[in-house]
2 protein chains.
Amino acid sequence: MLHVAEAARVSVATVSALINGTATVSPELSQRIEQAIRDIGYKRNAIARSLKMGTTRTIGLTVPHITNPFFTDVVSVIQQAFDRAGYAVMLCCTDEDLNTQDEQIRLLLDRMVDGLIVARVGDGAILKRIVDDANVPVVLLDRLCKGVDTDAVVLDNQRAVFDAITYLINLGHRRIGYITGTSDISPMHDRMTGYREALHAAGLPIAEELIRFGNFHEIDGYNATMQMLSSHDRPSAIFSANNPMVIGTMKAIRDIGLSCPEDISVACFDDFPWSDVFQPQLTTVAQPVQAIGEQAANLLLDRLAGNRDAPPRKLVLKGRLMIRNSCRPLGAMAQSVSA
Amino acid sequence: MLHVAEAARVSVATVSALINGTATVSPELSQRIEQAIRDIGYKRNAIARSLKMGTTRTIGLTVPHITNPFFTDVVSVIQQAFDRAGYAVMLCCTDEDLNTQDEQIRLLLDRMVDGLIVARVGDGAILKRIVDDANVPVVLLDRLCKGVDTDAVVLDNQRAVFDAITYLINLGHRRIGYITGTSDISPMHDRMTGYREALHAAGLPIAEELIRFGNFHEIDGYNATMQMLSSHDRPSAIFSANNPMVIGTMKAIRDIGLSCPEDISVACFDDFPWSDVFQPQLTTVAQPVQAIGEQAANLLLDRLAGNRDAPPRKLVLKGRLMIRNSCRPLGAMAQSVSA
DNA sequence: TGACATGATCGAAACGTTTAGATTAGCGTT
DNA sequence: AACGCTAATCTAAACGTTTCGATCATGTCA
């Protein structure tokens with residue numbers, strides 16, 4: 001900018017005024033300055049600007065796994081929204097590790113991001129402390145977090161799973177296996193509640209041996225399914241509360257020599273683009289990924305636009321049960337299948 | 001930092017020296033400073049540091065679509081690699097739009113990223129100019145770019161498709177449909193060459209009506225497939241040079257009342273996690289996503305570590321044909337199927 | 001004792017912006 | 001002619017670091 005100013009024989013203040021339109025500058029000088037900018041190929045240094053302005057027009061986004069199709073889609077939507085608004089987004093993946101995420105958030109805050117969208121991988125104690133003294137707006141994505149009282153957009157997980165399990169029950173299923181991630185994050189907790197309530201509402205007993213915990217990965221779904229299927233009294237249906245794990249479930253079913261839906265019905269959380277072209281077409285709970293991403297972006301953009309001290313807003317969206325052909329009615333066959 | 005210095009009754013220079021270990025500071029002062037840092041909760045401002053140092057420890061990554069499973073995986077790997085190295089990554093998605101990408105690259109350079117990884121969506125003219133005068137190391141990902149002579153990691157696309165098409169030919173297929181993205185980007189061009197060469201090597205004619213161009217999206221694959229399948233002399237196999245488009249292909253096959261592989265064989269580029277659990281299990285060309293991501297990251301990290309004027313390095317990796325059950329042998333049935 | 005090397009600490013400039021406040025010129029009023 | 005007002009421009013401080021060179025105390029050696 002100094003060089004531009006010299007070349008145009010004006011002060012840097014005038015150059016700045018012209019570039020930002022913060023003051024009127026005469027047509028004559030404007031022209032000289034613009035010419036100089038072109039000649040020199042000047043680009044404003046956003047870092048220097050950030051230092052002075054205290055804002056970077058950059059936000060941080062941290063999610064557990066970008067390869068989970070739910071997060072893939074949501075990240076994509078969020079990225080586009082902020083792109084449109086002239087913000088850059090720094091992306092971090094956490095691999096469900098709490099310390100990693102804390103570290104990443106610190107890194108992002110060091111870099112002075114203007115805001116943060118976080119799908120929290122664990123409890124909120126440290127998160128709360130970190131963001132409290134950084135004084136940066138945060139919106140929680142997908143997962144609520146005890147003690148962190150900020151904007152959030154989540155799904156009505158309990159209801160979504162309640163509906164899915166009720167659907168299975170109505171098909172005649174009585175023993176329904178349930179595979180979930182560790183329940184210390186809110187969606188897993190709520191989904192589990194939905195499962196229990198659905199059984200309860202139908203007057204069915206809850207068989208604890210049909211509830212298996214994994215760590216969100218395919219292999220965990222595989223192992224859990226293997227265990228359930230090799231028991232003497234196996235379930236007639238399995239619901240996977242997490243998308244990557246359902247792949248493991250399908251592989252286990254295949255490896256054990258059964259087939260879906262003939263021998264066992266399967267449904268899971270999170271839809272994916274392939275779900276209705278291959279067989280079996282999985283019955284899933286689809287999240288409104290577009291809306292989730294947009295709402296999260298909007299909440300944060302609103303804070304960034306200056307609306308700092310509105311009370312925290314919590315958006316709860318509805319899931320949608322996509323009924324396909326991976327679950328079959330049991331009827332009179334119930335006895336033989338679950339035997 | 002000023003506050004820390006005051007609280008510890010030392011100069012800012014000393015604080016800086018201690019934090020960065022750039023000079024020895026006495027145990028006594030060290031302790032006072034560390035105490036002050038803790039008391040105040042001081043965090044170094046990375047923006048100010050970047051301004052002074054001329055480096056941000058941030059890189060820019062721009063890809064066409066994060067929802068394309070190939071890019072999903074590669075982005076994930078790259079993100080992890082830079083995370084380990086203490087770099088942040090700014091992610092941009094381009095939606096295959098050239099102007100958008102140019103704009104994003106400018107945005108990234110304004111923010112003084114230390115390096116750039118780009119999966120270029122179009123020709124390189126502007127890219128070359130942009131990076132030339134920014135003097136920032138660039139590595140091209142997945143796609144080469146005429147005139148941009150930098151580090152790159154790509155697949156041997158021609159060979160990969162050659163092998164896949166040859167496989168189909170060996171199964172007895174003679175009329176093989178080919179669906180591709182616009183051929184002005186290098187992988188699409190090379191894959192097409194592989195297709196033509198495979199037919200040529202087998203002494204088969206190239207039927208131009210069996211080659212269809214789309215814009216990388218599911219709908220394009222759908223339309224292209226619809227057209228091919230409703231012709232009087234339809235192909236017995238279809239190869240999709242792009243993953244999202246193959247979904248469209250499968251939907252078209254379903255909608256038109258055919259089934260795969262009984263009525264028509266299908267293979268495509270890019271593997272995905274679901275490919276071997278659902279039916280049909282798609283035969284695909286798998287890219288070594290892990291290696292691609294790691295190599296790209298390593299190339300850039302090497303430049304960032306100071307190895308600036310080594311000549312451009314171009315890494316060409318091999319694809320792997322994953323043979324499953326979506327392509328069936330034709331043998332004596334060839335006539336009736338292609339009729 | 002004086003000269004000198006060594007080690008610890010500090011002062012101040014620099015990175016490239018923005019912006020408050022000062023300065024100047026031009027103009028219309030009285 | 002003197003005055004004030006407005007619009008255009010400039011000067012200089014500030015943002016929070018890093019780092020060069022200066023300063024100063026201490027110990028070593030002749």
Side-chain angles (χ1 to χ4, degrees), chain A residues 1-37 40-58 86 106-114 133-136, chain B residues 1-37 40-58 86 106-114 133-136:
Chain A
M1 191 172 219
L2 182 59
H3 299 119
V4 172
E6 281 169 357
R9 305 187 307 283
V10 299
S11 77
V12 291
T14 310
V15 178
S16 177
L18 176 65
I19 291 177
N20 299 306
T22 51
T24 48
V25 1
S26 69
E28 189 193 335
L29 291 204
S30 295
Q31 214 205 325
R32 288 219 306 264
I33 293 172
E34 275 159 5
Q35 185 61 48
I37 287 179
I40 299 187
Y42 167 78
K43 293 257 133 195
R44 177 167 65 189
N45 182 322
I47 295 295
R49 174 165 225 260
S50 293
L51 177 59
K52 183 64 192 174
M53 305 281 277
T55 167
T56 52
R57 289 195 81 78
T58 300
R106 264 188 273 263
L107 181 107
L108 291 169
L109 292 175
D110 284 355
R111 282 181 172 64
M112 306 263 99
V113 291
D114 292 344
D133 52 53
N135 192 33
V136 141
Chain B
M1 191 158 185
L2 182 59
H3 299 119
V4 171
E6 280 168 358
R9 305 188 304 285
V10 298
S11 76
V12 290
T14 310
V15 177
S16 178
L18 177 66
I19 290 178
N20 299 305
T22 52
T24 49
V25 3
S26 70
E28 189 192 335
L29 291 202
S30 295
Q31 213 205 326
R32 287 220 306 264
I33 294 172
E34 276 158 5
Q35 185 61 48
I37 287 178
I40 299 187
Y42 166 79
K43 293 258 134 195
R44 176 167 67 190
N45 181 321
I47 295 294
R49 174 165 226 260
S50 292
L51 177 60
K52 183 65 193 173
M53 304 281 276
T55 167
T56 52
R57 290 194 81 78
T58 299
R106 265 189 271 263
L107 183 105
L108 291 169
L109 291 175
D110 284 355
R111 281 179 172 66
M112 306 264 100
V113 291
D114 291 344
D133 52 52
N135 193 31
V136 141

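Chain A is the first sequence line, chain B the second, and so forth, proteins listed ahead of strands; every chain is numbered from 1.
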Residue pair B:R9/A:I19 against DNA chain C: nearer the 5' end by closest nucleotide is B:R9

* Asked: Does A:R106 use its side chain to pair, donor to acceptor, with the backbone of B:K43 at less than 3.5 Å?
  -> no

Please check: side-chain N/O of B:R32 versus main-chain N/O of B:A8, any donor-acceptor pairing under 3.5 Å?
yes

Out of D:dT17, C:dG16, D:dC10, minimum distance to the side chain of B:K52 belongs to D:dT17

To the nearest angstrom, the NZ-C1' distance between B:K43 and D:dT17 comes to 16 Å

ask   = A:L29 near the nucleic acid: base, sugar-phosphate alone, or nothing, with a heavy-atom cut-off under 4.0 Å?
value = sugar-phosphate

Side-chain contact check for B:N20: nearest option of C:dT17, D:dT18, C:dC15 is D:dT18

Atom CD1 of A:I47 and atom P of D:dG16 are separated, to the nearest Å, by 15 Å

To the nearest angstrom, the CG-C1' distance between B:D110 and C:dT17 comes to 13 Å

- Under 4.0 angstrom, heavy atoms only, what part of the nucleic acid is B:S16 near: base, sugar-phosphate, or nothing? base

When you check the phosphate oxygens OP1 and OP2 of D:dC15, does a side-chain N or O of A:R49 lie under 4.0 Å from one of them?
no

When rounded to the nearest 0.5 Å, the distance separating CG of A:N45 from CE of B:M112 is 4.5 Å

* Asked: So, the side chain of A:T58 versus the backbone of A:T56: is there a donor-acceptor pair under 3.5 Å, distance only?
  -> yes

Taken to the nearest whole Å, CE/B:M1 to P/D:dT19 is 10 Å

Exercise. At under 4.0 Å, does any side-chain N or O of B:N45 touch on OP1 or OP2 of D:dC15?
Worked result: no

Whichever of B:S26 and B:M53 has the more 5' nearest nucleotide on DNA chain C, that residue is B:S26

Rounded to whole Å, the CE-C1' distance (B:M112 to D:dT17) equals 17 Å

Hey, is the side chain of A:S11 poking within less than 4.0 Å of OP1 or OP2 on D:dT9, counting only N and O atoms? no

Rounded to whole Å, the NE2-P distance (A:H3 to C:dC15) equals 9 Å

B:T14 has its side chain closest, among D:dT17, C:dT9, C:dA8, to C:dT9

Rounded to whole Å, CG of A:L2 lies from P of D:dA12 at a distance of 14 Å

Between CZ of A:R44 and P of C:dT19 the distance, given in whole Å, is 10 Å

B:T22 has its side chain closest, among D:dT19, C:dT17, C:dA8, to D:dT19

One should read off an interatomic distance between A:S11 OG and A:L2 CG, to the nearest 0.5 angstrom, of 10.5 Å

